[in-house]
Amino acid sequence: QVQLVESGGGLVQAGNSLRLSCAASGLTFSSYLMAWFRQAPGKEREFVAAMSWSGGTTNYADSVKGRFTISRDNAKNTVYLQMSSLKPEDTAVYYCAARQFLTPANSRDPIRYRYWGQGTQVTVSS
């Protein structure tokens, strides 16, 4: 049974940083592309960042490029999202997702993902 469990969300002031973690189990983590998506109230789920199985290739949404960094530790079956210079518009529920045989270049459509976590709330106050 595949499980993705996010953690690290919370309430922060604008300009501050936060690191999200997603621990995976029940899958061969090192063979999966891992991604982060987010969904704000009343909005569609949107792509944030993705990293290839090896960690060698990444893809970022323009809205977070230069502020967010995705990383992974295949030995710990965990993917991270380091978020810096947070803005109120970053407020959302953040989800991690996993998919095999997908490249970061083709990773932006949530319908492509087989496995999802339950999400963690990030709230950025102004």
Side-chain angles (χ1 to χ4, degrees):
Q1 180 181 358
V2 175
Q3 281 193 313
L4 303 178
V5 180
E6 300 96 336
S7 61
L11 173 64
V12 294
Q13 287 191 326
N16 284 353
S17 299
L18 205 59
R19 189 177 83 155
L20 305 183
S21 300
C22 171
S25 60
L27 51 72
T28 306
F29 182 78
S30 59
S31 69
Y32 278 75
L33 175 141
M34 298 299 297
W36 289 95
F37 288 78
R38 66 187 181 186
Q39 189 166 17
K43 295 188 176 182
E44 293 186 350
R45 192 167 297 191
E46 67 170 351
F47 172 79
V48 174
M51 175 170 270
S52 61
W53 63 271
S54 67
T57 308
T58 56
N59 191 5
Y60 292 94
D62 288 344
S63 59
V64 306
K65 202 171 292 184
R67 300 188 299 122
F68 291 10
T69 303
I70 188 172
S71 61
R72 64 190 296 162
D73 185 339
N74 286 348
K76 295 183 178 180
N77 287 5
T78 302
V79 62
Y80 305 97
L81 186 68
Q82 178 67 47
M83 305 185 293
S84 302
S85 302
L86 282 161
K87 304 175 182 180
E89 51 263 45
D90 294 319
T91 295
V93 177
Y94 283 72
Y95 299 90
C96 69
R99 169 70 193 269
Q100 281 183 310
F101 312 124
L102 192 66
T103 63
N106 298 299
S107 61
R108 296 186 175 222
D109 188 347
I111 201 170
R112 292 176 176 263
Y113 289 81
R114 181 174 183 181
Y115 301 114
W116 291 87
Q118 82 289 348
T120 186
Q121 176 71 46
V122 172
T123 303
V124 184
S125 63
S126 57

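Below, each value reflects all heavy atoms present in this structure, side chains not excepted, and no hydrogens, waters or symmetry copies. Nothing here was measured: the structure is a model prediction, and the numbers come from that model.
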Pairing residues for Arg114 by the salt bridge (Lys or Arg N to Asp or Glu O under 4.0 Å) criterion, not counting sequence neighbours: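 Here no residue qualifies.
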Begin with the C-alpha distance, continue with both residues' side-chain angles, and end with the deciding distance and a verdict on side chain to side chain contact (heavy atoms under 4.5 Å, CB included) for Phe68 and Leu18. CA-CA 10 Å; Phe68 291 10; Leu18 205 59; over 6 Å; no
State, with a plain yes or no, whether a side-chain heavy atom of [X] is found less than 4.5 Å away from one of [Y].
{"X": "Met51", "Y": "Val79", "answer": "no"}
{"X": "Leu102", "Y": "Arg112", "answer": "yes"}
{"X": "Thr69", "Y": "Tyr60", "answer": "yes"}
{"X": "Thr28", "Y": "Ser30", "answer": "yes"}

Please identify each residue that fulfils side-chain hydrogen bond (donor to acceptor under 3.5 Å, both in side chains) with [X], with sequence neighbours left out.
{"X": "Ser31", "result": "Gln100"}
{"X": "Glu89", "result": "none"}
{"X": "Glu46", "result": "Arg38"}
{"X": "Arg19", "result": "none"}

So how far is it from Asn77 CG to Met34 CE, rounded to the nearest 0.5 Å?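 The distance works out to 9.0 Å.
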I need the Ser126 OG to Leu86 CG distance, nearest 0.5 Å.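 One gets 13.0 Å once the value is rounded to the nearest 0.5 Å.
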Can you sort out the partners of [X] under side chain to side chain contact (heavy atoms under 4.5 Å, CB included), two or more places apart, ordered by chain and number?
{"X": "Glu44", "answer": "none"}
{"X": "Thr78", "answer": "Ser21, Ala23, Lys76, Tyr80"}
{"X": "Thr103", "answer": "Ala105, Asn106"}
{"X": "Asp62", "answer": "Lys65"}

Counting only N and O atoms by type, is there a donor-acceptor contact under 3.5 Å from the side chain of Arg99 to the main-chain atoms of Pro110? no
Looking only at non-hydrogen atoms, find the nearest pair between [X] and [Y] and report the distance.
{"X": "Pro104", "Y": "Asn59", "value": "O-ND2, 2.7 Å"}
{"X": "Ser85", "Y": "Asp90", "value": "O-OD2, 4.4 Å"}
{"X": "Val93", "Y": "Gln121", "value": "CG2-OE1, 3.2 Å"}
{"X": "Leu4", "Y": "Cys22", "value": "CB-SG, 3.9 Å"}

For residues 5-17, dump all side-chain donor-acceptor pairs below 3.5 Å to protein atoms at least two apart in sequence or in another chain.
from	atom 1	to	atom 2	distance (Å)
Glu6	OE1	Gln118	N	3.0
Glu6	OE1	Gln118	NE2	3.4
Glu6	OE1	Gly119	N	2.9
Glu6	OE2	Cys96	N	2.8
Glu6	OE2	Gly119	N	3.3

Is Ile70 linked to Tyr95 within one hydrophobic cluster, defined over Ile, Leu, Val, Met, Phe, Trp and Tyr using a side-chain heavy-atom separation of less than 4.5 Å? no
Going by the ring pair (Phe, Tyr, Trp, His ring centres under 6.0 Å) test, which pairs reach into residues 13-55, not counting sequence neighbours?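 Every ring pair (Phe, Tyr, Trp, His ring centres under 6.0 Å) pair that includes a residue of residues 13-55, provided the two are not neighbours, is Phe37-Phe47, Phe37-Tyr113, Phe37-Trp116.
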Mind jotting down which residue pairs meet the disulfide (SG to SG under 2.5 Å) criterion with at least one end in residues 28-59? Sequence neighbours excluded, please. none
